[in-house]
S.K.: 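One structure coming up, written as structure tokens, with questions to follow.
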Protein chains: 2
Amino acid sequence: MLSDVMEDYLKTIYQIQARSGPPVSTSAIATALDKTPATVTSMLGTLEERGLITREKYKGAELTREGETVALEVLRHHRLLEAYLAERLDYSWSEVHEEADALEHHISEEFERRVAAALDDPAVDPHGDPIPSADLAPLEDDDATPLSTREVGDTVVVSRVSDRDREELEYLAEAGITPGTTLGIVDVAPFGMVTVETDDGGEQSLPESIAEAIYVVDADTDGTDRDAGSDVQEAGNA
Amino acid sequence: MLSDVMEDYLKTIYQIQARSGPPVSTSAIATALDKTPATVTSMLGTLEERGLITREKYKGAELTREGETVALEVLRHHRLLEAYLAERLDYSWSEVHEEADALEHHISEEFERRVAAALDDPAVDPHGDPIPSADLAPLEDDDATPLSTREVGDTVVVSRVSDRDREELEYLAEAGITPGTTLGIVDVAPFGMVTVETDDGGEQSLPESIAEAIYVVDADTDGTDRDAGSDVQEAGNA
DNA sequence: TTATTACTTTAGACGAGTCTAAAAGTGGAT
DNA sequence: ATCCACTTTTAGACTCGTCTAAAGTAATAA
Ligand SMILES: [Mn+2]
Ligand SMILES: [Mn+2]
Ligand SMILES: [Mn+2]
Ligand SMILES: [Mn+2]
């Protein structure tokens, strides 16, 4: 059996690896988990012994297939919980992350199945992140890029939004920007300020930090299979 | 902040104290939590320092008001979770206990509120045990006694059923005996075997171990306020 | 009253996960 | 080619919750 702590390390390594690719540095993990680098080095040793990661000294870590499976399991729990809380317990999308973090290590497989069944096997969580399937098959990486990398004139659809910052999420819910929203980029000002036009014709100016947290795809690349779970995306963003 | 482990000790002390009164012996706690007596002695020292229990050496422990409040909080979480799982996720009453045990330390106060609201503030859990109120006021002790202490001719109503043994609970669900069921005692045989007649006229013979786990009140003392939450009692006992 | 027995506490050890401080390695700039 | 700044690892310590083994206490039986 793996401890909660080990599960959190594996989840974190997975997420950094998904963004920046392996190897994942000690300090990146330390920052993400708010631990000292020395602590991380020690735990990486344990995870390596258990066959969950491979490691090159002074370079960084990489998940093994087994480690990846554990990470996907935890991520499935996390995202199913987020979806359930938003859909069935009236949580807003800015509140679900912390609650899911606290519960993800403690639910049974039976609970996981029942929650998934209650929601009819949702494909994405309230932030637009894909929910790993029950068989824990690897997730394909998506082609979404931050809004901050796009240019004036682009028309894009919001694919997902980083769920790490409550205030950002509240701001975006207020602005009516959630997964599925279509945005036209009207202006890009100095310091990364992006002005967008929403479906309803309104204009919003978004600071760079927000524009970096919004992942978008081209409008014509839209609605392929990501939208299967858009009922969940729509829910509880008041 | 209290650890999960401390919460479990306090919950356990509360439950033993409710059954047998203080002081609660080291060995009783050790048995209930499946730890060694030495371990329990050590933790009792910690709980005493924190002001959660009082203690007389070689005699046993007793909860302070503060300790009792913590225990009631954990118990509220546990029983609300059991009720929610049975009512909203289709769990049977034999499955809820373990899941609630795993989750009770990890839900937020917000989650507690939302679950309570979703169920319309249930008064009892699926086993008939009272759910402490949100203000954590002490529970009055009920007057229910084990079916095994009753005599031929008595007509009684099931008040609650011990939730510790899955197989017992499955057996009872099968037999149609749940909180609220009226039973007539038809026979008491050697070795404590009790034969009862159920509402529908059927007869059941219950081994002593089962009869000890069923807490009943006199039929005429019935339906005072315990029945406020009988919708919950009825749910999910397939 | 004393001896037996059961229970409780003390003493000491250990694994998990964490930290701080110091040593070692890495990679770019001079 | 050497040095410097930064990162990583090592070394050692600490807390928490647990255990085993030994010693102490209480209650009862002889
Ligand atoms: Mn799972
Ligand atoms: Mn999310
Ligand atoms: Mn609570
Ligand atoms: Mn119960």
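Small disclaimer: the values here were computed from a predicted structure and weren't measured. Chain letters run A, B, ... following the sequence lines, proteins first and then strands; every chain starts at 1.
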S.K.: Do His77(B) and Glu104(B) meet the criterion of a side-chain donor-acceptor pair at a distance under 3.5 Å?
M.R.: no

S.K.: In terms of the angle between their ring planes, are Trp93(A) and His127(A) parallel, tilted or perpendicular, with boundaries placed at 30° and 60°?
M.R.: parallel

S.K.: Could you check how far CD of Glu7(A) sits from C1' of dG17(C), rounded to whole Å?
M.R.: 15 Å

S.K.: Hey, can you pull the residues of residues 48-62 of chain B with a non-hydrogen atom under 4.0 angstrom from DNA chain D?
M.R.: Tyr58(B), Lys59(B)

S.K.: When you measure from the side chain of Thr64(A) to the backbone N and O of Gly51(A), does any donor-acceptor pair fall under 3.5 Å?
M.R.: yes

S.K.: Does Arg76(B) reach the main-chain N or O of Pro132(B) with its side chain, forming a donor-acceptor pair under 3.5 Å?
M.R.: yes

S.K.: Quick one: side-chain contact (heavy atoms from CB on, under 4.5 Å) partners of Ser42(B), sequence neighbours excluded?
M.R.: none

S.K.: Does Asp90(B) offer a backbone N or O that forms a donor-acceptor pair with the side chain of Arg114(A) under 3.5 Å?
M.R.: yes

S.K.: Tell me if a side-chain donor or acceptor on Glu95(A) pairs with a main-chain N or O of Ser92(A) at a distance below 3.5 Å.
M.R.: yes

S.K.: If we count only N and O atoms by modelled type, under 3.5 Å, do the side chains of Tyr14(B) and Glu68(B) hold a donor and an acceptor together?
M.R.: no

S.K.: Could you tell me from which nucleotide to which nucleotide of DNA chain D, 5' to 3', there is an atom under 4.0 Å from chain A heavy atoms?
M.R.: dT8(D) to dT10(D)

S.K.: Is there side-chain contact between Tyr215(A) and Val158(A), with heavy atoms separated by less than 4.5 Å?
M.R.: no

S.K.: Under the ring pair (Phe, Tyr, Trp, His ring centres under 6.0 Å) test, which residues partner His105(A), sequence neighbours left out?
M.R.: none

S.K.: With no hydrogens and no angle check, do the side chains of Ser148(A) and Glu212(A) hold a donor and an acceptor under 3.5 Å apart?
M.R.: no

S.K.: Please state how far atom CG in Asp4(B) lies from atom P in dG17(C), giving the value in whole angstrom units.
M.R.: 14 Å

S.K.: Which of residues 30-45 of chain A sit near DNA chain C, with a heavy atom under 4.0 Å from it?
M.R.: Lys35(A), Thr36(A), Ala38(A), Thr39(A), Ser42(A), Met43(A)

S.K.: To the nearest angstrom, how far is Tyr9(A) atom OH from dA16(C) atom P?
M.R.: 14 Å

S.K.: Please give me every residue in residues 10-20 of chain B whose heavy atoms get under 4.0 Å of an atom in DNA chain C, ordered by residue number.
M.R.: none

S.K.: So Ile214(A) and Arg160(A), do their side chains get closer than 4.5 Å, heavy atoms only?
M.R.: no

S.K.: Could you walk me through whether Arg166(A) and Glu98(A) satisfy the salt bridge (charged side-chain N to carboxylate O under 4.0 Å, His left out) test, starting with their C-alpha distance in whole Å, then the side-chain angles of each, then the deciding distance to 0.1 Å, before giving a yes or no?
M.R.: CA-CA 9 Å; Arg166(A) 281 181 88 100; Glu98(A) 282 173 284; 2.4 Å; yes

S.K.: Taking only side-chain nitrogens and oxygens of Ser27(B), does any of them come within less than 4.0 Å of OP1 or OP2 of dT8(C)?
M.R.: yes

